[in-house]
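The next block holds one structure in the form of structure tokens; read it before the comments.
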Amino acid sequence: MSEVIHADHHDDHAHGPAKGLKRWLFTTNHKDIGTLYLWFSFAMFLIGGVLALVIRAELFQPGLQFVQPEFFNQMTTNHGLIMVFGAIMPAFVGLANWLVPMQVGAPDMALPRMNNLSFWILPFAFGMMISTLFMEGGGPNFGWTFYAPLSTTYAPPSVTYFIFAVHLMGASSIMGSINIIATILNMRAPGMTLMKMPMFVWTWLITAYLLIAVMPVLAGAVTMMLFDIHFNTSFFNAAGGGDPVMFQHIFWFFGHPEVYIMILPAFGIVSHIIPAFARKRLFGYTSMVYAVASIAFLSFIVWAHHMFTVGMPLAGQLFFMYSTMLIAVPTGVKVFNWISTMWRGSMTFETPMLFAIAFVVLFTMGGFSGLMLAITPVDYQYHDTYFVVAHFHYVLVPGALFSIIAAVYFWFPKWTGKMYDETLGKIHFWLSFVGVNVTFFPQHFSGLAGMPRRIPDYPLQFADFNMISSVGAFIFGLSQVFFLYVIIKSIRSGAPAADRSWEGAKGLEWTLPSPAPYHSFTHPPVVKDEEVLG
Amino acid sequence: MKHQLLRIFGGITALLLAGIATADELNLRVGVTDISRQVYDLHMTIFLICVAIGVVVFGVLFWSVFAHRKSKGVEPATFHESTKLELAWTIVPTLILIVMAIPATQVLVAMYDTGGEDMSIEVRGYQWKWQYKYLDDDYNNTLSFFSVMSTPRDEIYNQSAKAENYLLEVDEYLRIPTNRKVRFLITAEDVIHAWWVPDFGIKRDAVPGMLNELWTIVEEPGIYRGQCTELCGKDHGFMPIVVEVMPEAEFDAWYASRVSSESVRQETIANALTHEELMAQGEAVYGTYCASCHLANGEGVAPVFPAIAGSAVAQGPRDDHLSLVINGVAGTAMQAFGKQLDSAQLASVVHYQRNAFGNDVGDMSQPQDVINLSNGQ
């Protein structure tokens, strides 16, 4: 009997990654799939970034210089779609793949084969979407929000490919979410109760439920578009008795939870990094969990604040204004808790901490502009201007994106067993920090002065701020190429990392060797409060 | 290395400050209506509350970054929760939000008071122009016209210097009187547009199949400019809104003469025109209504906007060509221009298309042909 167990055990250790391309195509390992997700999202990030630079180059000066308006619209649309669905979301799924099993003390994800499928759908989805740019008539040109009837009756023929690509992305997200929920609920080490789970695991659990709730809504919206385009239905066609505004209600019922899908995991990441470098336990763990849950709940009842100018009755406007303002409360709680964690800590400022502090400051600024946008009567003046562009880039770039970069630097030693170059990391931080602010801060001013979004050319009074913004965009873009250099250099020649790579790092993942073994925890670890709660 | 970085950083900061110093506007416009002033005050109130919160919150954060460093030999404290604090920073922000919500509600309620208007104007968005229709029973609703951007292509393509109101100039202004309550009924013909005049503090989406209401009372005569603010396709950036606010007496005089000149034009509209007259008028109509899709040289943008040069329609039977322009093509961006242009404009633009861009059909299209065709249907 004991011999059998021994043989099993031995087998387990011999099982390493396959060699060559097969390792990546057929892998069911959470670390390999996490790596695939992260490199995929970085590639999408660079492509989406190039599209953004086309936009900024055209807007450097008034007049049309480089591209025609119809191509410009394809750039704004695909920049948004690629960054949201191709860069930010897969990056967070990649981080979840790497971290959730290690943080809950599991050997792997609960559903490894589905994990493989949910990743390998994505290259096809995005390959199809990007290929539309080369088709006759061009790719999607109706904005990432694809409002009907511009995206139905008036869309280019390639819209059908876009619809299919969105379906694939949705399927991938839903499968990824099911996997994450199954892992978190079933595979925690004994003793890790829900209220002892690491914050990243908590935020991803809630995010995964949000995804499962709203991705089918998006699928419904694009399916109705498909029917309007090909089967003569009139869901969104006013001439046939349909309603273009209904499209917006459905889209934003998906879209608003979607924006929290892109920020909740970021909250989780920052809640690990700040305590580690402040060498102090996270302040208000319980209230952090409740705050995330409240934000998730509120995200379902605020959608129409994206549509204040659409012509709703007064009562509707007031409801959505009040509910939107309420979101400031749990979000504020989170910011206050992070600052209290820093307060009277013993802080050092390595690259992940720099990105995390920049996150807290700049995300909060995006929060302030969000609060201003929630005030319906003044939103009429801000709506669909560059003020909105500045707002959501502040929460998505120094918000979601900075948290992803911070996570990469923070867990890099655990993933690779190597330390990144601290000097290069700090240079990357400062270049990104300067770049992001030079790009997006002036957009507040051009928006207040009255510059509409999504225009390829603009009246002369907006020229100065657009020029500054374009300079900043190129600084930011190049600094992300520098990030690629830092990462490759560190993978090749970084100094060996300790198991607990940071003095203040707490959590089960830091009890594993660096680099972490192929199967994280083959035996459930003992969960000690001082390890999991900090 | 560090020096160079500092220099780059300094350069960017200088550029940023220079930008701020030379920019025309840094803040929302106060505007010229009671509503726009209320909106501006509300904007400043919320903004200053945010700044005050920001100063406190970031102040604490930066003090902590400055003081609580390991390099200063600080030992980390061990506190990690406080129910009192959590309650405090839940309740205090809620109270601040209530303080913000009260004036916001008041302004919003005032904006929704659309009744008691002195006159109504229908605003209809088209790809990519605005149509204004004065809804006036005395004149049998006869006055309606299109307002199309008049900035020349040479300016857009940097072949000539840009005028002061670059992209903000139209061929005919919407004119309204001072001190009267004007109600706008906003809708659209094809896709969603949005009608916005920043100085009035009003913006509303123009949605096909829906009629949205807006109103304004302007005290200051002047010319006020805005732009479409909902992505509506290729030329979304090129459909400005220009409103001229005239003193009441001046407006009444203008309105009466505009209506009578319109009725004179209507009476003579069926008169036959010469080839030269048709070509001249046709070229002007083509430039305003057709060139944004089919291009000034008639080459189009395949496959969405077909070429007119050498096309089967423009060289085929005349009545088929006319009826395509009049009725449009369902399910495409080709609009039914019968609703937008009068018979003289329709006849001349079709005549022009059949005898320009290398097309050389040689037949004539007269206003009477358009009228006959429309009556026959």
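Just so we're on the same page: letters track the sequence lines, and every chain starts at 1.
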Worksheet entry | A/Ala374, part contacting chain B, at a heavy-atom distance under 4.5 Å | neither
Item to complete: Report yes if the side chains of A/Ile339 and B/Ser64 come closer than 4.5 Å at any heavy-atom pair, otherwise no.
Response: no
Discussion item. Counting only non-hydrogen atoms closer than 4.5 Å, does A/Gln68 touch chain B with its backbone (N, CA, C, O), its side chain (CB onward), both, or neither?
Written reply: side chain
Practice prompt. Might you point out which heavy atoms bring A/Val361 and B/Phe58 nearest each other, and give the distance in Å?
Written response: O-CZ, 3.5 Å
Worksheet entry | Segment of A/Thr341 engaging chain B (4.5 angstrom heavy-atom cut-off) | neither
Worksheet entry | Atom pair CD1 (B/Ile49) and CG (A/Leu371), whose distance is rounded to the nearest 0.5 Å | 8.5 Å
Worksheet entry | Where A/Asn337 and B/Trp89 come nearest, the two heavy atoms and their spacing | OD1-CZ2, 3.2 Å
Worksheet entry | Under the salt bridge (charged side-chain N to carboxylate O under 4.0 Å, His left out) test, residues paired with A/Asp457 that sit two or more places apart | none
Practice prompt. For chain A, find which of B/Ile35, B/Ile46, B/Ile156, B/Asp235 contributes the most heavy-atom pairs closer than 4.5 angstrom.
Written response: B/Ile156
Worksheet item: Considering only heavy atoms, which portion of A/Asn237 lies under 4.5 Å from any heavy atom of chain B: side chain, backbone, both, or neither?
Response: neither
Worksheet item: Given that the side chain runs from C-beta out, which part of A/Pro459 has a heavy atom under 4.5 Å from chain B: side chain, backbone, both or neither?
Response: both
Practice prompt. Could you tell me whether A/Arg281 and B/Glu81 make a salt bridge, using a distance below 4.0 angstrom between a side-chain N and a carboxylate O?
Written response: no
Fill in: Interface moiety of A/Gln74 toward chain B, non-hydrogen atoms closer than 4.5 Å
neither
Worksheet item: Under a 4.5 Å cut-off applied to non-hydrogen side-chain atoms, are B/Asp205 and A/Met307 in contact?
Response: no
Worksheet item: Do you know which of B/Thr78, B/Val65, B/Thr90, B/Thr94 has the most heavy-atom pairs with chain A at a distance under 4.5 angstrom?
Response: B/Val65
Item to complete: Kindly determine whether A/Gln65 and B/Tyr157 satisfy side chain to side chain contact (heavy atoms under 4.5 Å, CB included), including the steps that lead there.
Response: CA-CA 7 Å; A/Gln65 283 88 19; B/Tyr157 286 94; over 6 Å; no
Item to complete: Considering only heavy atoms and a distance below 4.5 Å, find which of A/Gly242, A/Gly472, A/Gly450 pairs most often with chain B.
Response: A/Gly450
Fill in: Option that, when pairs with chain B are counted at under 4.5 Å, heavy atom only, ranks first among A/Gly504, A/Pro244, A/Ala463
A/Pro244
Worksheet, complete the sentence: Looking only at heavy atoms, the pair that brings B/Ala104 and A/Pro377 closest together is O-CG, 3.3 Å
Discussion item. Just so I know, are the side chains of B/Lys203 and A/His383 near enough to count as touching, which here means a heavy-atom distance under 4.5 Å?
Written reply: yes
Worksheet, complete the sentence: Looking only at B/Trp63, B/Phe47, B/Phe79, B/Phe62, the option with the highest number of non-hydrogen pairs under 4.5 Å against chain A is B/Phe79
Worksheet item: For the candidates B/Ala77, B/Gly237, B/Ala67, which exhibits the highest count of non-hydrogen atom pairs separated by less than 4.5 Å from chain A?
Response: B/Ala77
Response to the item:
In short, A/Pro69 meets B/Phe238 closest at the heavy-atom pair CG-CE1, 3.9 Å
Worksheet item: chain B: which of A/Thr348, A/Val310, A/Ile229, A/Asp243 shares the most heavy-atom pairs with it under 4.5 Å?
Response: A/Val310
Worksheet entry | Interface moiety of A/Ala239 toward chain B, non-hydrogen atoms closer than 4.5 Å | neither
Worksheet item: For the side chain of B/Lys162 and the backbone of A/Leu460, is there at least one donor-acceptor N/O pair under 3.5 Å apart?
Response: no
Worksheet item: Of the listed residues (B/Leu231, B/Ile186, B/Val107, B/Val109), which shares the most heavy-atom pairs with chain A below a 4.5 Å separation?
Response: B/Leu231
Worksheet item: For A/Tyr285, what residues pass the ring pair (Phe, Tyr, Trp, His ring centres under 6.0 Å) criterion, not counting sequence neighbours?
Response: none
Worksheet entry | Verdict with supporting geometry, B/Glu75 and A/Arg344, salt bridge (Lys or Arg N to Asp or Glu O under 4.0 Å) | CA-CA 8 Å; B/Glu75 281 297 312; A/Arg344 290 186 54 208; over 6 Å; no
Practice prompt. Enter the distance from B/Ser71:OG to A/Phe349:CZ here, rounded to the nearest 0.5 Å.
Written response: 7.5 Å
Item to complete: Select one option (side chain, backbone, both, neither) describing which atoms of A/Phe72 are under 4.5 Å from chain B's heavy atoms.
Response: neither
Worksheet item: OG1 of A/Thr286 to NE2 of B/His80: how many Å apart, nearest 0.5 Å?
Response: 9.5 Å
Worksheet, complete the sentence: In terms of heavy-atom pairs under 4.5 Å with chain B, the winner among A/Thr145, A/Asn73, A/Leu314, A/Ile455 is A/Leu314
Fill in: Side chains of A/Arg279 and B/Lys70 in contact at under 4.5 Å (non-hydrogen atoms)
yes
Item to complete: Would you give the length of the straight line joining atom CD1 of A/Ile375 to atom OG1 of B/Thr45, rounded to the nearest 0.5 angstrom?
Response: 10.0 Å
Response to the item:
Comparing B/Cys228, B/Pro103, B/Pro208, B/Pro93 against chain A, the one with the most heavy-atom pairs below 4.5 Å turns out to be B/Pro208
Discussion item. Looking at every non-hydrogen atom in both residues, tell me the closest pair between B/Gly201 and A/Gln381 and how far apart they are.
Written reply: CA-NE2, 3.5 Å
Item to complete: Report the distance from atom CD1 of B/Ile192 to atom OH of A/Tyr154, rounding to the nearest 0.5 Å.
Response: 11.5 Å
Discussion item. With a 4.5 angstrom heavy-atom cut-off, is it the side chain or the backbone of A/Pro275 that approaches chain B, or both, or neither?
Written reply: neither
Worksheet entry | Taking every non-hydrogen atom, the tightest pair across B/Ser82 and A/Phe283 | N-CZ, 3.7 Å
Worksheet item: Sub-3.5 Å donor-acceptor pair from the side chain of B/Glu230 to the main-chain atoms of A/Asp384, do we have one?
Response: no
Worksheet item: Side chains of B/Tyr112 and A/Gln317: is there a donor and an acceptor less than 3.5 Å apart?
Response: yes
Fill in: Interface moiety of A/Ile357 toward chain B, non-hydrogen atoms closer than 4.5 Å
side chain
Item to complete: Rounded to the nearest 0.5 Å, what's the gap from CG on B/Leu97 to OG1 on A/Thr324? Could you check?
Response: 11.0 Å
Item to complete: Would you check if A/Met325 and B/Ile98 make a side-chain contact, meaning some heavy-atom pair closer than 4.5 Å?
Response: no
Practice prompt. Answer yes or no: is there a side-chain heavy-atom contact under 4.5 Å between B/Arg204 and A/Tyr380?
Written response: yes
Discussion item. Has A/Asn141 got a side-chain atom pairing as donor or acceptor with B/Lys234's backbone, closer than 3.5 angstrom?
Written reply: no
Worksheet item: Just wondering, do A/Leu150 and B/Gln127 contact through their side chains at under 4.5 Å, heavy atoms?
Response: yes
Worksheet item: Is the shortest heavy-atom distance from the side chain of A/Phe336 to the side chain of B/Glu86 under 4.5 Å?
Response: no
